[in-house]
Amino acid sequence: MIKKTLTLITGLLFFGLSSLTNAQSDAELRGGWTADIDGITHVYIIKIEDGKVTGGIYCFDCLNFDNVAFIRQGTIDEGMIDFEVLHDRGMNAPYVRKVHAEYSNGKMLISSNGGPTANPSAIEYGRQPRITFGPRLNFPPFNPKGPAELLSLDKITGRWVAYSGMLDRKQYMMLREVDGEIKGLVCGPCVDPHRMGPIENGRIDGDDLYLEIIHEDVGTPEGLNNAPNYNMVHMKIVDNEMHMESRTNTDPDNTLFTMMFVGPFKE
């Protein structure tokens with residue numbers, strides 16, 4: 001009887017430790033989480049590297065760029081995550097919201113304090129299964145009409161639109177300076193984290209704009225090296241056309257696709 005009891009306890013301990021380890025893994029916690037709050041989709045995309053929160057975005061009605069806020073670095077401890085969200089635009093901005101999230105059975109219970117978008121009570125966020133993305137590329141040719149323009153923050157800030165693209169969906173790119181860095185969001189549609197990519201590490205160098213588009217959930221288009229990965233983007237502007245050349249960090253020597261946006265549309 002003692003032997004059976006010890007075996008049962010050992011098994012339960014192993015199961016508990018195994019579940020705890022899975023809950024703490026980067027793969028379980030990172031990526032896109034959504035909740036319907038009063039009929040509006042709220043989205044967190046949490047970027048995690050080496051057991052720490054290193055970035056990402058929060059948004060609701062995400063095509064309104066005022067509703068996009070940026071996750072600052074945070075900590076992870078046994079499936080619990082704490083980080084800050086900087087709201088640099090919108091009502092009562094700027095302000096910082098403190099977020100606490102707890103992972104449980106494939107869900108994320110998220111509460112927050114600070115500012116008008118706070119939710120002190122825990123709200124359950126879920127997500128769709130991760131996918132390996134294999135889009136049909138249908139982009140305009142990379143054919144600028146003239147020489148590239150010298151760039152500035154004012155010239156790139158706002159919403160850019162691509163009228164054809166992956167799976168014939170309209171694509172949006174929203175850019176602005178946040179905390180001294182060019183950040184933003186690429187999306188289309190702008191309610192599904194699989195179709196959304198936070199923009200980080202943007203910089204201007206003369207007539208060149210360089211960005212990283214972060215994919216925490218979606219695998220690379222070639223079906224290899226599932227997320228996390230990022231697109232290394234090089235852009236030039238000619239007559240309100242932003243011409244993009246994109247490569248992946250998993251295959252940096254080859255162009256994945258080219259694409260053209262028009263804008264910027266100021267808000």
Side-chain angles (χ1 to χ4, degrees), residues 29-48 53 55-72 74 81-131 133 157-162 165-176 178 183-200 213-218 263-267:
L29 302 175
R30 64 173 170 77
W33 300 90
T34 64
D36 185 296
I37 303 175
D38 297 327
I40 298 174
T41 300
H42 290 241
V43 179
Y44 284 91
I45 298 178
I46 304 172
K47 181 183 176 185
I48 295 177
V53 177
I57 61 101
Y58 159 80
C59 63
F60 65 97
D61 185 20
C62 300
L63 193 53
N64 182 342
F65 202 18
D66 281 354
N67 297 337
V68 179
F70 298 91
I71 295 175
R72 289 175 163 176
I81 310 175
D82 290 280
F83 55 86
E84 295 182 343
V85 178
L86 171 64
H87 293 255
D88 65 308
R89 289 175 61 169
M91 184 170 56
N92 293 345
Y95 64 92
V96 173
R97 191 163 50 87
K98 294 185 180 297
V99 176
H100 177 74
E102 297 187 15
Y103 178 89
S104 177
N105 297 321
K107 303 291 185 179
M108 195 73 81
L109 301 176
I110 299 178
S111 58
S112 66
N113 289 282
T117 58
N119 285 299
S121 300
I123 295 175
E124 183 178 274
Y125 282 69
R127 66 173 164 207
Q128 303 170 25
R130 291 194 175 99
I131 61 174
F133 198 24
T157 297
R159 181 194 298 159
W160 298 80
V161 183
M166 289 183 282
L167 305 177
D168 293 327
R169 289 178 286 106
K170 188 179 291 186
Q171 301 286 291
Y172 301 93
M173 175 176 288
M174 295 173 277
L175 298 172
R176 68 177 183 253
V178 182
K183 293 189 176 185
L185 176 67
V186 173
C187 60
C190 300
V191 294
D192 179 359
H194 289 154
R195 317 296 182 189
M196 303 170 72
I199 294 171
E200 297 184 350
I213 301 175
I214 308 302
H215 298 286
E216 289 291 288
D217 286 305
V218 181
F265 299 95
K266 303 290 186 178
E267 295 182 2

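Because only heavy atoms are used, hydrogens play no part in the values below, and waters and symmetry mates are left out as well, while side chains stay in.
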K.L.:
Please check if the side chain of D217 supplies one atom and the backbone of G32 the other of a donor-acceptor pair under 3.5 Å.
P.N.:
yes
K.L.:
Atom NE2 in H194, atom OG1 in T34: separation rounded to 0.5 Å?
P.N.:
9.5 Å
K.L.:
Using the salt bridge (charged side-chain N to carboxylate O under 4.0 Å, His left out) rule, collect all pairs that involve residues 56-71, keeping only residues at least two apart or in two chains.
P.N.:
D66-R89
K.L.:
Checking F65 now: which residues fulfil ring-ring contact (aromatic ring centres under 6.0 Å, His included) with it, not counting sequence neighbours?
P.N.:
none
K.L.:
If you measure from CD1 on I110 to OG on S121, what distance do you get to the nearest 0.5 Å?
P.N.:
13.5 Å
K.L.:
Of all heavy-atom pairs between S112 and A118, which one has the smallest distance, and what is that distance?
P.N.:
OG-CA, 3.5 Å
K.L.:
Are side-chain heavy atoms of V186 and R195 found at a separation under 4.5 Å?
P.N.:
no
K.L.:
Got a sec, which residues hit salt bridge (charged side-chain N to carboxylate O under 4.0 Å, His left out) with R72, two or more places apart in sequence or on another chain?
P.N.:
E84, D179
K.L.:
If I take atom CH2 from residue W33 and atom CZ from residue R127, how far apart are they, to the nearest 0.5 angstrom?
P.N.:
3.5 Å
K.L.:
Residues two or more places apart in sequence or in another chain: which of them pass side chain to side chain donor-acceptor pair (under 3.5 Å) with Y125?
P.N.:
none
K.L.:
Kindly give the heavy-atom pair with the smallest separation between L109 and A122, and that separation in Å.
P.N.:
CB-CB, 4.3 Å
K.L.:
Do N113 and P120 come within less than 4.5 Å of each other through their side chains, counting heavy atoms only?
P.N.:
yes
K.L.:
Any chance you could measure M174, atom CE, to C62, atom SG, to the nearest 0.5 Å?
P.N.:
7.5 Å
K.L.:
Tell me, with the steps shown, if I213 and M173 meet side-chain contact (heavy atoms from CB on, under 4.5 Å).
P.N.:
CA-CA 10 Å; I213 301 175; M173 175 176 288; 4.3 Å; yes
K.L.:
Does a side-chain heavy-atom distance below 4.5 Å link V96 with H87?
P.N.:
no
K.L.:
Name the atoms and distances for all side-chain donor-acceptor pairs under 3.5 Å in residues 36-46, with sequence neighbours left out.
P.N.:
{"unit_1": "D36", "atom_1": "OD1", "unit_2": "G39", "atom_2": "N", "d": "3.0"}
{"unit_1": "H42", "atom_1": "ND1", "unit_2": "Y58", "atom_2": "OH", "d": "2.8"}
{"unit_1": "Y44", "atom_1": "OH", "unit_2": "R97", "atom_2": "NH1", "d": "3.0"}

K.L.:
Mind checking what makes side chain to side chain donor-acceptor pair (under 3.5 Å) contact with N67, not counting sequence neighbours?
P.N.:
none
K.L.:
Under the salt bridge (charged side-chain N to carboxylate O under 4.0 Å, His left out) test, which residues partner E200, sequence neighbours left out?
P.N.:
K47
K.L.:
Who pairs with Y172 by side chain to side chain donor-acceptor pair (under 3.5 Å), at least two apart in sequence or on another chain?
P.N.:
none
K.L.:
With no hydrogens and no angle check, is any side-chain donor or acceptor of R159 less than 3.5 Å from a backbone partner on L63?
P.N.:
yes
K.L.:
Checking D82 now: which residues fulfil salt bridge (charged side-chain N to carboxylate O under 4.0 Å, His left out) with it, not counting sequence neighbours?
P.N.:
none
K.L.:
To the nearest 0.5 Å, what is the distance between NZ (K170) and SG (C190)?
P.N.:
10.5 Å
K.L.:
Would you call I57 and I71 a side-chain contact if the rule is heavy atoms closer than 4.5 Å?
P.N.:
no
K.L.:
Step by step, would you call C59 with M196 a side-chain contact (heavy atoms from CB on, under 4.5 Å)?
P.N.:
CA-CA 11 Å; C59 63; M196 303 170 72; 3.6 Å; yes
K.L.:
Taking the side chain as every heavy atom from C-beta outward, state whether K98 and V85 have any atom pair closer than 4.5 Å.
P.N.:
no
K.L.:
Which residue pairs pass the salt bridge (charged side-chain N to carboxylate O under 4.0 Å, His left out) test when at least one of the two sits in residues 103-118, sequence neighbours left out?
P.N.:
none
K.L.:
Just how far is it from atom CD1 of I199 to atom CZ of R176, taken to the nearest 0.5 Å?
P.N.:
11.0 Å
K.L.:
Please identify each residue that fulfils side chain to side chain donor-acceptor pair (under 3.5 Å) with E102, with sequence neighbours left out.
P.N.:
H100
K.L.:
Do you know which two heavy atoms are closest between P264 and T157, and how far apart they sit?
P.N.:
CB-O, 3.4 Å
K.L.:
According to side-chain contact (heavy atoms from CB on, under 4.5 Å), who are the partners of P116, at least two apart in sequence or on a separate chain?
P.N.:
M91, N92, Y95
